[in-house]
Amino acid sequence: MKKLVTVSLLGVAIAAASSAQARDYDNVRIGVDVPYEPMEFRTAEGELTGFDIDLGNELCDRMGVTCEWVEQEWDGIVPGLMSRNYDAIMSSMTINDERREQVLFSDPYITMPSAWFAASDLDISEANEETLAGMTIGVQRGTLQDNYVTDNFSSVAEISRYSTADDMVLDMEAQRLDIVFLDFPIGQTTLLESDDADYVVIGERISEPKEYFGDGFGIAFRQRDEALAEKFNEALAEVQEDGTYDEIFTRYFGEE
Amino acid sequence: MLDISTWFNDVLAGNTIFTADTLGYYAQGFVTTTQLVFLSLIAGLIIAVPLAIMRSSKHKWISLPIYLFTYVFRGTPLLIQLYIIYYGVVFIDGIQESFLWPILRGAFYPALIAFTLNTAAYTTEIFRGAIKATSQGEIEAARAYGMSQSLMMRRIILPSAFRRALPAYGNEVIFMLHASAIASVVTLMDLTGAARFVYARFYAPFDAFLFVAAIYLCLTFAILYFFRFLEKRLLAHLQPQTP
């Protein structure tokens, strides 16, 4: 029995090794956390679209590979990459040192600041330890915003952590939260441009310190998939060069 | 005191995940989980006893509404009940201006209400079964003594029903502890919430969840032990007698 197990394990190991060798990435699965305009979202017809998606598809076209998008909730998105549910993550993930220990990043493809959002009757002009004292702050669990708020304000304020930004926006409307800290474009589409509510950005858009906010959004790969990351970087440079990138950017963010 | 804290720091030295900070989250989670489970069980028990008596009534108009209540709450997932009570309550007109809002605004009380109603429904059915199983002879004997319905309930039916219900109720307590793991979906930092926080922050699913599983296991054993102790005392007369 024991021998049988050893032999079959060996067989599996050999098969795994040879398939890893033969791997030339004809088919790349990309993990994405669906939900928010304009980065990635579903249209009314249920079609997956958004800046990440369009750019990702464009990159795949350039590389001549077929790409498949796999949806995964944000708080499990990195473990999902490790467990080979997909080969890359392209989901507005900010490059930072903490994540660099886990994954391999492509070159940054866009830079997005974070910002504080609150109802317009919240009477503060800037978010700091004094003004936030005693408030309830909403963040998405496991995001860099979560880390930033946890490290800087957990001693003075209450922090509510959500799995999705939708739940957070719902609780903002229910007035359970005083203020939320979000990627700027997500807050812009979910709060600033919402129909019946009145929200404002508090203070400046934030992208410092680097320790938290890193170097813009990158595509994440498993550490050993250097060849794949290189292919993506080349394609990225190509679309930035020939103007395709700008075209996709304008489609979602307008002229800036 | 100093010894303990230096010992503690030595143990944690070089450990990137289980720092004093994250252990603090687990400790906070432990308190929230035990509070939630303990309070909902107590409140559920208090509600369930009269409901079980009404549920075993012969009058349809008394038993039917209770039957509906227990079937709705046992027939739907607790997670959905929690969502409805936490997110749904906001859509009730005028609720945000009412005196209830300060209570319902946080996540703790909506979760407590959902857990209480859920455990009350299960406990009602457990007790109803135990009341139904009262032996006819005991009831006849009580009648022969001229006991009224309420006196008979108090002295004969309920005490023996409680004893019979004990093992099943012990299971319900453990189920409730495990079911409470969903509290973190409404932002509560319970034990599971702490584990999810550590998991998301350090990308360490095994460390985060194995550690919290060990805590749940300890709690479960404590509950088991407590119920074994209760059964030994209350069901002593049913044990085989050794001469």
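Labels below follow one simple rule: chain letters A, B, ... track the order of the sequence lines, proteins then strands, and each chain is numbered from 1.
With hydrogens and angles ignored, the 3.5 Å screen pairs a side-chain donor or acceptor of R176(A) with a backbone N or O of R105(B).
Using a 4.5 Å cut-off between heavy atoms, I95(B) makes no contact with chain A at all. Heavy atoms of Q175(A) lying under 4.5 Å from chain B belong to its backbone as well as its side chain. Of the two parts of Y25(B), only the side chain, counted from C-beta on, holds a non-hydrogen atom closer than 4.5 Å to a non-hydrogen atom of chain A. Contacts of V89(B) with chain A are made by side-chain atoms alone, with heavy-atom separations under 4.5 Å and no backbone atom involved.
Between atom CZ of residue F91(B) and atom CG of residue L170(A) there is a gap of 5.0 Å, rounded to the nearest 0.5 Å.
The number of heavy atoms from other shown groups lying within 6.0 Å of CD (Q102(A)) is above 12. The local environment of OH in Y67(B) is sparse, with at most 12 non-hydrogen atoms from other residues, nucleotides or ligands closer than 6.0 Å. Within 6.0 Å of the CZ atom in F209(B), the count of heavy atoms belonging to other residues, nucleotides or ligands exceeds 12. At most 12 heavy atoms of other shown residues, nucleotides or ligands fall within 6.0 angstrom of atom CZ in F30(B).
Within residues 141-153 of chain A, the residues having any heavy atom closer than 4.5 Å to a heavy atom of chain B are R141(A), G142(A), D146(A), N147(A), T150(A), D151(A), listed by residue number.
A174(A) and W101(B) get closest at one heavy-atom pair: O-CZ2, 3.1 Å. When all heavy atoms of Y199(B) and D75(A) are compared, the closest pair comes out as CE2-O, 3.2 Å.
For the set R161(A), M82(A), R99(A), the entry with the most heavy-atom pairs within less than 4.5 Å of chain B is R161(A).
Looking only at atom types and distance, the side chain of Y86(B) has a donor-acceptor partner in the side chain of D171(A) under 3.5 Å away.
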